Amino acid sequence: MKNSMKILIMVLVLLAIPIVILAQTEEPKEKVITINAQQFSYTPGTVEVNRGDRVTIRLISTDVHHGLYIDGYEVSTDARPGQDGSLTFVANNTGKFVMRCSVTCGPFHPYMIGYLKVKPDYRLFGSIWLAVGIFIGSILLVIRRQKP
Amino acid sequence: MTEKILGLIPVDWRFELTSLPYVRKIIKSRWMPFLPIVLNLSVFTIILMAGFVGGVSAGNYNFGIMFVWIVWWLLLMMVMVPFFSRIWCMICPLPAFGEWLQRLGFMKVRNKLFGLNKKWPKALKNMWLVNFLFLGTTYTTGFLTTRPIATFILLMSIIIGSIVLMAVFEKRNFCKYIGCPVGGFLGLYSNMAVTEIRAKDPQICKDHKHKDCVIGNEKGHACPWMILPFDIGRNTYCGMCLECFKTCPYDNMAINLRPPATDLLVDKNRGLDEAWKAFIMLGIAIFFFLIMQGNMGFLKDWANAKTTEGYLTFVVLHSIFNLLLIPGVFFVFVYASRTLGNKEIPLKKLFTNFSYTLVPMGLIAWIAFSFGILFPNSSYVLHVISDPFAWGWDLFGTAHFPWTPFLTGVMPYFQIGTLLFGLVLSLDIGFKISKQTFQKRDEAVRGFIPIAAFLTAVTIFLIWLFTG
Ligand code: SF4
Ligand SMILES: [Cu+2]
């Protein structure tokens, strides 16, 4: 029982090391990103920035009126053909945030989605770490119960 | 020692909800479930009308689309199935016309049913047909969830199909085996529910030779779902129609509260049809996510049938993924489990039994997926209840309520929390199934490891897909 607890703790600590390494961040930068909106997707579909970056997104539409709303940051803009939109924010929250079209632009409008990824994604590393911990924990638990 | 779900609640713990006097009185009344069906039917009338007059306009401002694919679907996955089993089937208005026709009336009992009353062929008494029916329906998800008229056509075909088929085949064969796309997963996922309908005292049933619940009497119909109310076993095929509460002369039926997922441990009537149902449901959750909440435009164009080739590519990939790829990967882990555990156990038995671990995993994946629809899109509902037919009405003053996503910033935490809970639950069920399947405990432990690895990998994949 004591041994298996020790193993569990050791494994979890070992697992945490890559997270700490991956969590090293780069210097914050000024980033200007152009996103093309077209029924029913954004190009690029994923925008990757680092924590602390000052991000400006220029939204261009080539067909109809589209919008862009970013989950978590709660900022938005919109664009029509020939009339670009723009928004600026400082990427302080890390993780994946969904960018959604905020102007009804056709049947697939609610599915018009892009991703903003602000690295390092502690949330993702943390949850993978938890899942692996649950896996190891469950194995240790059933092994331990086996011995009377 | 009785086993405990999550080490907390004994598997056989029950609280009888129908022991509360008023509950039993209501359940025994013939107004139940007639009244909720009629109320539900009025909502569906609005849905159908909105679907028809809404034509091909954008779905997010259509009452039919919003109520079927947001309100109904989310209620089903997040509330009804996990908490109340097949309660939807109790109140479902779609087969009501067919059933009223069989009974030639609304509330009176008529044990000689109208119609041809044909038996359903034995070879088809399983989930295979509805597996393909549901998979087939998801080919059209791009239209169903975005074009009101597509939802209208789907619902009308179910209603008309049920009237015709219920005139041919006896009782609820239509719901059970033939025509309901969602019936299969409602049945399988209801194994997770924290409620059940069961007989109270098996001895009373044993002594009661004239099984009124099976053959019917003047108080109620013979079980329309053609199960044995005195031996239900699992929730799968109990449509909660409540007839057995009315027929039983000893008041021996009960609605119980119970720990979740206990039906998955019932080592009886397990089958590959249900295994594939579990695979398909998991695969569809992944594909739906990619189409509705993913960032790949080309996939949306495929599902939206922008080009015929694209659409066919989607249909083929979606089918291969669900019918072959997921089962194939799962098979590898089952094979490893047998190799580690005990090579004498038939592979098919292991494969079937362990596939039930995908039921908690799948339902939880659907709940996590549903957060991604609920938080961003539920504000549309306020719009459509005020102007259901897009005729410029403003019934509740919310017709101009703007699209307002809520809690989307913290949504990933809801999803991760749910998925991790699902992992814990499916691991718990997984080990219990492992103990059932392998006779010796050390074999069960070794055989469990690959399955646990599979479940963990699926969870990590889903966390990454949904939030990372
Ligand atoms: S009628 Fe009641 S007592 Fe008789 S078999 Fe059915 S549930 Fe049991
Ligand atoms: Cu758009």
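Order of the sequence lines sets the chain letters (A, B, ...), proteins ahead of strands, with each chain counted from 1. Values below: every heavy atom of this structure, side chains too, minus hydrogens, waters and symmetry copies. It should be emphasised that the depicted structure is a prediction, and the values quoted were computed from it without experimental measurement.
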query = Among A/Phe135, A/Phe108, A/Tyr115, which has the most heavy-atom pairs under 4.5 Å with chain B?
reply =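 The residue among A/Phe135, A/Phe108, A/Tyr115 with the greatest pair count is A/Phe108.
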Below 4.5 Å from any heavy atom of chain A, which atoms of [X] appear? Answer side chain, backbone, both or neither.
X: B/Trp464; value: both
X: B/Phe466; value: backbone
X: B/Leu427; value: side chain
X: B/Phe375; value: neither
X: B/Ala453; value: both
X: B/Ser434; value: neither
X: B/Ile460; value: side chain

Pick one of side chain, backbone, both or neither for [X], based on which atoms fall under 4.5 Å of a heavy atom in chain B.
X: A/Leu124; result: side chain
X: A/Ser102; result: both
X: A/Tyr69; result: side chain

First locate atom [atom1] of [X], then atom [atom2] of [Y], and finally report the distance between them rounded to the nearest 0.5 Å.
X: B/Leu264; Y: B/Ile5; atom1: CG; atom2: CD1; result: 8.0 Å
X: A/Ser41; Y: A/Tyr111; atom1: OG; atom2: OH; result: 15.5 Å
X: B/Phe287; Y: B/Met292; atom1: CZ; atom2: CE; result: 12.5 Å

ask   = How about B/Phe298 and B/Trp302: are their ring centroids closer than 6.0 Å?
value =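 Yes, the ring centres sit under 6.0 Å apart.
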inquiry  = Assess the residue pair A/Lys117 and A/Asp121 against the criterion (salt bridge (charged side-chain N to carboxylate O under 4.0 Å, His left out)); give the C-alpha distance rounded to whole Å, side-chain angles, the decisive distance to 0.1 Å, and a yes or no.
reply    = CA-CA 8 Å; A/Lys117 292 188 177 175; A/Asp121 192 345; over 6 Å; no
Go through the side-chain N and O atoms of [X] and [Y] and say whether any donor and acceptor fall under 3.5 Å apart.
X: A/Asp78; Y: A/His66; value: no
X: A/Asp71; Y: B/Thr408; value: yes
X: B/Asn377; Y: A/Arg100; value: no

inquiry  = As an exercise: rank B/Leu423, B/Ile373, B/Val424 by heavy-atom pairs under 4.5 Å with chain A and give me the winner.
reply    =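 Most pairs with chain A among the choices: B/Leu423.
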query = Looking at B/Pro405, B/Pro402, B/Gly468, which has the largest count of heavy-atom pairs under 4.5 Å with chain A?
reply =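 Max contact count across the listed options: B/Gly468.
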request  = Write down the atom of B/Ser337, the atom of B/Gly447, and the distance for their closest heavy-atom approach.
outcome  =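 It is OG-O, 2.8 Å.
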